[in-house]
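Heads up: the structure comes next, in structure tokens.
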Amino acid sequence: MSYNILLCGVGGQGTVLASKLLAAAAQASGLSVHSAETIGMAQRGGPVTSHVRIGDDAYSPLIPKGTADLIIAFEPGEAVRNLPYLKQDGALIVNSVALMPVTESLHPSGYDPGKMLNYLKSAVKTLAVVDANALCAPLGSVKFFNVMVLGFATGAGMVKFDREVLLSTIEASVKPAFVEINKKAFLAGAAEGETFIKEQRGL
Amino acid sequence: MKKEYVMGNQAIALGAIAAGVNVVCGYPGTPSSEIIETIAKHNREKAIHVEWSINEKAAMELAAGASYAGARALVTMKMMGLNVASDALMSLAYVGVEGGVVVVSADDPGPISSQTEQDTRLFAKYCRIPVFDPSSVEEAYTMIQDAFAYSEKYHTPVLFRPTTRVDHAYAGITYDDRAQPKAIPGFVKDSGRFVIFPRLSRMNHEMIEKRNPQIGEDFSSYWGNTLQGRKDSRKAVVAGGVSYAYAKEYIQDREDVRLIRVATPHPLPESFLLNALEGVEDILVVEELFPYLEEELLMLCGKHHKNWNIYGKHTGHSPLAGEITAEQAALQIGSFLGDTLTQEAPGAMPQPPARPPVLCAGCPHRAGFYAVKQAMKGRKANFSGDIGCYTLGNAKPLDMVDTCLCMGAGITMAQGLHWTDPETVNFAFVGDSTFFASGMTGVANAIYNEADLIVCILDNSTTAMTGHQPHPGTGVNMMGDVVGAISIENVLRGMGVTTVITVDPLDQSAAIAAVKECADMRGVKAIIFKSPCIALSKPVAKARVNEACIGCKKCIREVGCPAVTFAGNRAVIDESLCTGCSLCASVCPVKAIQVSGKEAR
Ligand code: SF4
Ligand code: SF4
């Protein structure tokens, strides 16, 4: 069975780089991988998703609903929007920091991120809620959340690659000037992920 | 040979290079744009001529010329570009080609980033030329090479139609990284062959109609047309393109149903299909866009007096519009096969917010629109828009795009509106790339026919929407050369527009003054709002809201910048998004927004 990872967020949050790193790491680990990105109009602040599928029986690049093993959501509302993709016992990592659409300040529709998170808590068994702003504060920019969250997933054992493979993938993929800070982001995320999974097991 | 993880469009480009392509041209359009960018990146020693042409028709004609000299030419566009190129393509289909010509026309079911849901397969049938329909990234690499071979074998242009889910999917491929462009034999003049006349068309038309069934025969043994499953099964699923991938994923290696894939929808591989469907009773067709395969099967059914039940769009078994998702395909096939499907009833989910795409924070287009809006307060005005990022100027609160039809249409539609009501001021907004692609003819039309019109060129020095490609006004081309940039202002003046004002839209008072000046004049006037796309320039400053904010929300109501939100009883600015354009600061009634770090302006 293929292992399916869905990344979702809002255009501009850096989901594309995260999915490219995952795919490259899978490839480097000798696994067969397919992926797909949202490109075009929606990139301007619309909802974006990346589908990453690892395994030989995945013929199409899109994950069918109800079959994602892991969802990495960069925004609470987007996590809920994509929840139908998660399989029964799948895991979900969600950034608790909400992005308010412009339309929301103009014509409030009552978007309440807290409600989204509460719903996720009731619906998902393995749920990690992380605060991207707080976690990324030592790094100076929330832009590194995409790499940090990959570290989290790895640390928590939600993706089955070697940490080393991902680290060398990062080295090969990002601009030289950003290698160190991205590695730092990844390792900080990994430590958080380990703590999370320990607590989860302890419960 | 080299192994790499690539996007479908990159695979197409690498396949074309492996096929020894000599000339590559096209016009940007999602989801096709990365093909030309990839070729340019891999163009060692500039052995391939690669260019962004002015529009799709120009590209098509250029390819025809190159082909007459025996070169292999690749033309790329999105499917609506094919409408623009169709004049050339249709005639080229009659004349035929010497060097292989493959036209990539990327379809966009959904539509995800397009204005129509047209189907290139149908266009191929209309042009009477072959079409290839790849279902995956890996296949696209090989199939584009086959397309060149067939083009030369039958001396015909060939269409190649990936869809968004192939173009923008990624997979690992092994490609030939040492391929060289083929040797070009050179143009051998033959006016009896290359000059289209009614007599030639009549003759060639007959030749083409006789030839096509032969290509269909040839395609019947093509590797891309496949059959799996036992011959005694009475049910068959027929699919093509990415729908095949979904079908295969559901059916996997099951033998109790036949899975038939058609990779060459036109000319139809008739004997392959008749053979593959031998003894079948029920057929389900899974395909996006037009019920193409379904209608071809209905035709076959009648022609050969088959007793088939054909299920698809005509019978309500498949959606008529929009993308077919993996789970929709699975549902269709599952119920066709009588499988028990566990469909989970969706629980009561809270509704996530709507997120329509918006102009980026700090986008200069927002300032241009806002200046026109301010200048025209209290006056009757129409705002005709066009295709590009600035189509997003229709969103509230700007609400500055009243019409949008197709590339270049804004300028000419504004004239149509003008002739129905000369008292209303008519504006046409067009981007720099779109101006060159198809705006210039509209301006000439307005001058010649004496329309009153203000053409606003939103010049951000790039083709932003499709991923920032250069164009004739940018001074660089895809060969990596620095070239003379065509000045939009000179073009307009050369055509006879006497009032052409170039202004920085971020300088609101100058921009508003320019609009007011033009609004009081007759004839064709032009304003060039010149300021670079923020995706290509470094932010100059950051804006911050101070204690003076009275929470009136005017900045939000008027400007609609995604960096400005409201928290508590005050506006807040997301500094990671803000570029310091100052537009919000200019509308604040109590000067509560300060822009720091900005000296230059
Ligand atoms: S200055 Fe104001 S309008 Fe301009 S980008 Fe910053 S927040 Fe948006
Ligand atoms: S990409 Fe450039 S042109 Fe497009 S919305 Fe953003 S700033 Fe404006």
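Naming convention: chains lettered A, B, ... in sequence-line order (proteins, then strands); numbering from 1 in each chain.
- Heavy atoms closer than 4.5 Å to chain A are found in both the backbone and the side chain of Ala171(B).
- Salt-bridge check for Lys248(B) with Asp253(B): passed, with a basic side-chain N closer than 4.0 Å to an acidic carboxylate O.
- Residue Pro101(A) touches chain B through both its backbone and its side chain, counting heavy-atom pairs closer than 4.5 Å.
- Interface remark: of the candidates Ala247(B), Pro350(B), Ser114(B), Pro31(B), Pro350(B) forms the most heavy-atom pairs closer than 4.5 Å to chain A.
- Ranked by heavy-atom pairs under 4.5 Å with chain A, the list Arg165(B), Arg557(B), Glu138(B), Lys3(B) is led by Arg165(B).
- Using a 4.5 Å cut-off between heavy atoms, Gln27(A) contacts chain B through its side chain alone, with no backbone atom that close.
- Counting only distance, with no hydrogens or angles, the side chain of Gln228(B) and the backbone of Gln252(B) share a donor-acceptor pair below 3.5 Å.
- Residue contact with chain B, scored on non-hydrogen atoms closer than 4.5 Å, involves the backbone and the side chain of Leu99(A) alike.
- Here the CG-OG distance, from Leu166(A) to Ser29(A), works out to 7.5 Å after rounding to the nearest 0.5 Å.
- Of the residues considered (Ser2(A), Ala24(A), Ser35(A), Gly66(A)), Ser35(A) shows the highest number of contacts with chain B, using heavy-atom pairs under 4.5 Å.
- Side chains of Asp108(B) and Thr164(B): a donor-acceptor N/O pair is present below 3.5 angstrom, by distance only.
- For Val564(B), the part lying under 4.5 angstrom from a heavy atom of chain A is the backbone only.
- The most heavy-atom pairs under 4.5 Å with chain B, out of Leu62(A), Thr67(A), Val80(A), come from Leu62(A).
- For Tyr59(A), the parts sitting under 4.5 Å from any heavy atom of chain B are the backbone and the side chain alike.
- Proximity to chain A is limited to the backbone of Ala354(B), based on heavy atoms less than 4.5 angstrom apart.
- The CG atom of Leu577(B) sits 7.5 Å away from atom SG of Cys561(B), with the distance rounded to the nearest 0.5 Å.
- When each of His51(A), Lys20(A), Lys115(A), Met116(A) is checked for heavy-atom pairs under 4.5 Å with chain B, Met116(A) comes out on top.
- Defined by atom type and a distance below 3.5 Å, a donor-acceptor pair is present between the side-chain atoms of Ser19(A) and Glu37(A).
- Per-residue counts of heavy-atom pairs under 4.5 Å with chain A were compared for Ala330(B), Gly560(B), Pro352(B); the largest is that of Pro352(B).
- With a 4.5 angstrom heavy-atom cutoff, Glu4(B) touches chain A only via backbone atoms.
- For Pro562(B), the parts sitting under 4.5 Å from any heavy atom of chain A are the backbone and the side chain alike.
- In this structure, CG in Asn4(A) is found 5.5 Å from CG in Asp69(A), a value given to the nearest 0.5 Å.
- Enclosure of atom CZ in Phe161(A) by more than 12 non-hydrogen atoms of other residues, nucleotides or ligands within 6.0 angstrom is indicated.
- With respect to chain A, the highest number of heavy-atom pairs below 4.5 Å among Pro353(B), Ser576(B), Ser136(B), Ala395(B) belongs to Pro353(B).
- Under a cutoff of 6.0 Å and an axis angle of 45°, Lys2(B) and Tyr175(B) do not form a cation-pi pair.
- Other residues, nucleotides and ligands place more than 12 heavy atoms under 6.0 Å from the NZ atom of Lys553(B).
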